[in-house]
Amino acid sequence: MFLFEKTKSVLLFFFVLLTSLLLPCPVWAIGIDKQIDEWFTPVADWWEQVVFFTIPFTDDIAIPFVLILLVSGGVFFTAYFRLVNIRKIPIALRTIRGKYNAIEQRPAADGTPVAGELTHFQALTAALSGTVGLGNIAGVSVAIAIGGPGATFWMIISGLLGMTTKFVECTLGVKYRDVGKDGQTYGGPMYYLTKGFKELGAGRLGKVLAVIFALMCVGASFGGGNALQSNQAIAQLTTTMGIEGSFVKTLFGVGLALLVGVVIIGGIKRIGRITEKLVPFMGIIYLLGSLAVVGAHYEYIGEAFGLIIGQAFSPVAGLGGLVGVLITGFRRASFSNEAGIGSAAIAHSAVKTQYPASEGLVSLLEPFVDTVVVCTLTALTIIFFNSEGIFTYGIQDQWGNVLIGQEKQAVGGVELTSLAFESVIPHFSVVLTVAVFLFAFSTMLSWSYYGIQSWKFLFGRSKWADMSYKILFLAFVVIGAAATLDSVIKFSDAMILAMAFPNMIGLFLLAPKVRGELSRYLDAIRVPKQSADKAGGE
């Protein structure tokens with residue numbers, strides 16, 4: 001009853017706030033979609049310029065520094081831990097199945113139970129629900145429209161490197177987490193930057209970086225974890241239903257906000273229970289649809305991968321050259337799998353284990369599922385749909401254009417992916433609409449948790465902090481629904497990737513701590529000590 005009353009009060013406050021803004025201005029409300037977008041677009045443009053500052057290499061080549069940081073970090077960690085992202089996958093799979101639970105959850109000598117609120121599987125699905133989402137559907141189509149099929153290759157490479165980065169940050173997330181008096185866990189980069197840097201004798205720097213990260217995470221939870229999801233879910237819904245109108249997107253956004261609000265009141269335990277059911281269900285639906293499209297064009301699979309690899313190194317004219325395609329692929333992959341961003345460490349820190357590296361190993365499966373598997377299948381469906389003329393007649397066309405009726409039209413985001421499915425599975429857009437909605441819904445649930453953890457780190461763990469964040473989060477559901485895809489993409493990319501700056505500094509300096517934790521876990525599960533040493537503490 002208490003939970004119901006609390007939920008009702010938050011949703012009622014949000015609804016009254018929104019209504020108070022709309023009712024006094026009926027004329028203005030008619031064009032509210034456009035009004036919101038006109039306000040939001042310049043903000044998104046400005047923030048994108050701030051975050052994506054570039055490093056010039058030649059007169060024609062300049063690469064965003066944030067991508068250099070993420071890619072170099074992935075390469076460094078993969079070498080430092082000697083391919084832990086490949087060699088320890090079997091242990092990661094056994095860990096997620098619970099084979100080592102008896103060891104990981106053994107009470108302390110004084111009988112104190114092991115901290116944590118989620119199982120390994122719940123933590124993984126909660127984090128996956130924040131990564132496997134519209135970035136895999138809309139983001140991949142954006143990447144191919146801009147950079148051609150070659151962008152897919154660099155997305156895959158980014159995913160493989162990101163597996164190790166994710167392992168490092170999630171191990172640290174569990175190692176340095178806080179546990180409240182009520183047993184609730186608080187973790188993520190905010191805590192390992194603060195505590196870990198204090199151990200290194202740089203406590204002040206750690207606090208500054210933690211605050212910067214928390215601020216960026218709150219913004220990212222409003223952007224990529226919320227506004228983008230709302231934008232594409234509502235776009236797919238209105239397109240499928242054939243509904244138009246200046247106020248309709250805002251209205252649907254209000255409805256979606258109310259649904260999200262009902263769930264996020266319950267915290268990480270309720271989010272974990274829902275995502276462990278939603279993520280496998282929607283993942284299976286989407287993968288079956290993708291496999292159906294790929295299977296319908298099986299004779300072109302070899303040629304499609306040839307196109308992906310060939311254009312990754314020899315892009316067609318007009319796409320900005322090799323570096324442009326590489327940047328496009330890495331940018332979209334970084335946004336999709338969030339390796340190096342630090343967000344997933346917040347969810348994984350709630351796992352029930354006394355060995356931080358156990359969850360680090362589980363987490364490295366995220367970028368593999370998200371980018372290597374799901375993004376690749378999405379890319380193949382789009383390539384098959386948009387390039388049949390290439391395979392059949394050798395005719396090259398712009399990748400952002402598709403044939404609709406008798407003419408080529410520019411199509412992007414989830415609409416392009418939907419058309420690709422429709423080309424093989426009639427009326428699949430209805431099923432995809434359900435999948436897109438569930439993807440968006442689950443992503444917003446996870447990102448609401450990331451954001452509120454950061455919000456409480458900044459403003460304390462009071463009821464006021466809890467309620468104020470949730471009201472703002474629900475408001476951004478409506479803003480995202482009304483804004484254009486272009487402005488939402490810019491704002492989302494910039495907010496999420498900005499989190500990498502403080503987080504990657506922490507990962508580089510705290511990597512030796514992760515090495516020690518992995519050795520400790522490998523010893524505990526009876527991996528021979530010699531193997532652990534030989535693995536370099538991977």
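S230 contributes no side-chain N or O that, together with a main-chain N or O of N226, makes up a donor-acceptor pair within less than 3.5 Å. S363 places a side-chain N or O within 3.5 Å of a backbone atom of K166 that can act as its donor or acceptor partner. Panel note: side chain S446, backbone T443; no donor-acceptor pair is recorded below 3.5 Å. For the pair N85 (side chain) and L160 (backbone), a donor-acceptor distance under 3.5 Å is present. Side-chain atoms of T371 do not come within 3.5 Å of backbone N or O of G159 as any donor-acceptor pair. A side-chain donor-acceptor contact under 3.5 Å links Q354 to the backbone of R106. No donor-acceptor pair closer than 3.5 Å links the side chain of S158 to the backbone N or O of W154.
A donor-acceptor contact closer than 3.5 angstrom is absent between the side chains of E517 and Y521. In summary, the side chains of E104 and S358 do present a donor paired with an acceptor at a separation below 3.5 Å, with no hydrogens or angles considered. In summary, the side chains of R177 and Y186 do not present any donor paired with an acceptor at a separation below 3.5 Å, with no hydrogens or angles considered.
For S290 against L377, the heavy-atom pair with the smallest separation is CB-CB, 3.8 Å. Between G173 and S349, the shortest heavy-atom contact is O-CB, 3.4 Å. Scanning both residues, A498 and P502, for their nearest heavy atoms gives O-CD, 3.6 Å. Contact detail for Y449 and T185: the closest heavy-atom pair is OH-O, 3.8 Å. Summarising the geometry of I103 relative to I525, their closest heavy-atom pair is CD1-CA, 4.0 Å, with the distance given to 0.1 Å. Here the closest heavy-atom approach between residue P189 and residue F213 is recorded as CG-CZ, 3.3 Å.
With rounding to the nearest 0.5 angstrom, the SG atom of C217 is 9.5 Å from the CG atom of L458. Rounding to the nearest 0.5 Å places CD of E359 at 10.0 Å from CG of L364. The distance from atom OG1 of T164 to atom NZ of K88, rounded to the nearest 0.5 Å, is 13.0 Å. Between L365 atom CG and I96 atom CD1 the span is 6.0 Å, to the nearest 0.5 Å. In this structure, the separation between CZ on R87 and CZ on R82 is 8.0 Å, given to the nearest 0.5 Å. Note: I383 CD1 to T376 OG1 = 9.5 Å, rounded to the nearest 0.5 Å.
For V208, the side-chain contact (heavy atoms from CB on, under 4.5 Å) partners at least two apart in sequence or on another chain are I212. With sequence neighbours excluded, no residue forms a ring pair (Phe, Tyr, Trp, His ring centres under 6.0 Å) with F305. Judged as a ring pair (Phe, Tyr, Trp, His ring centres under 6.0 Å), and not counting sequence neighbours, the contacts of F77 are F508.
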### Message
As a quick check of understanding, evaluate side chain to side chain donor-acceptor pair (under 3.5 Å) for R520 and Y355, giving each step before the final call.
### Response
CA-CA 8 Å; R520 189 168 76 91; Y355 292 96; 4.6 Å; no

### Task
Run the numbers on Y191 and F457 for ring-ring contact (aromatic ring centres under 6.0 Å, His included), then give the verdict.
CA-CA 9 Å; Y191 295 92; F457 177 82; 5.4 Å; yes

### Task
Could you please spell out the steps behind the side-chain contact (heavy atoms from CB on, under 4.5 Å) verdict for L380 and I308?
CA-CA 9 Å; L380 287 174; I308 289 172; 4.1 Å; yes

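Y80 carries R515 over the face of its six-membered ring, with the cationic atom under 6.0 Å from the centre and within 45° of the normal.
Side-chain contact check for F81 versus V514: some heavy-atom pair is nearer than 4.5 Å. Inter-residue side-chain proximity for I91 and T95 is flagged as met; some heavy-atom pair is nearer than 4.5 Å. A 4.5 Å side-chain heavy-atom check between I89 and M163 finds at least one atom pair inside the cut-off. Residues E366 and D370 fail the side-chain proximity criterion, which asks for heavy atoms closer than 4.5 Å. When side chains are defined from C-beta on, N101 counts as touching H120, because their heavy atoms get closer than 4.5 Å. Here the side chains of T119 and V351 are not in contact, with every heavy-atom distance at 4.5 Å or above. When side chains are defined from C-beta on, W455 counts as touching S468, because their heavy atoms get closer than 4.5 Å. Counting only heavy atoms from C-beta outward, the side chains of L361 and V84 approach each other to under 4.5 Å.
Sequence neighbours left out, the pairs with a member in residues 202-224 that pass side-chain hydrogen bond (donor to acceptor under 3.5 Å, both in side chains) are S221-Y469. Applying the side-chain hydrogen bond (donor to acceptor under 3.5 Å, both in side chains) definition to pairs two or more places apart or across chains, those involving residues 494-508 are E169-N503, Y192-N503. Residue pairs meeting the salt bridge (Lys or Arg N to Asp or Glu O under 4.0 Å) criterion with at least one partner in residues 434-454, sequence neighbours excluded, are absent.
Crowding of K198 atom NZ: a count of heavy atoms from other residues, nucleotides or ligands under 6.0 Å not exceeding 12. F368 CZ: 12 or fewer foreign heavy atoms inside a 6.0 Å radius.
Relative orientation of the F222 and F473 rings is tilted, given thresholds of 30° and 60° on the angle between their planes.
In summary, of the residues considered (I157, L70, L161), a side chain to side chain contact (heavy atoms under 4.5 Å, CB included) with V75 occurs for L161 alone. S454 pairs with exactly one of M216, M499, M190 by the side chain to side chain contact (heavy atoms under 4.5 Å, CB included) rule, that one being M190.
The existence of a salt bridge linking D178 and K456 is excluded, since no basic side-chain nitrogen approaches an acidic carboxylate oxygen closer than 4.0 Å.
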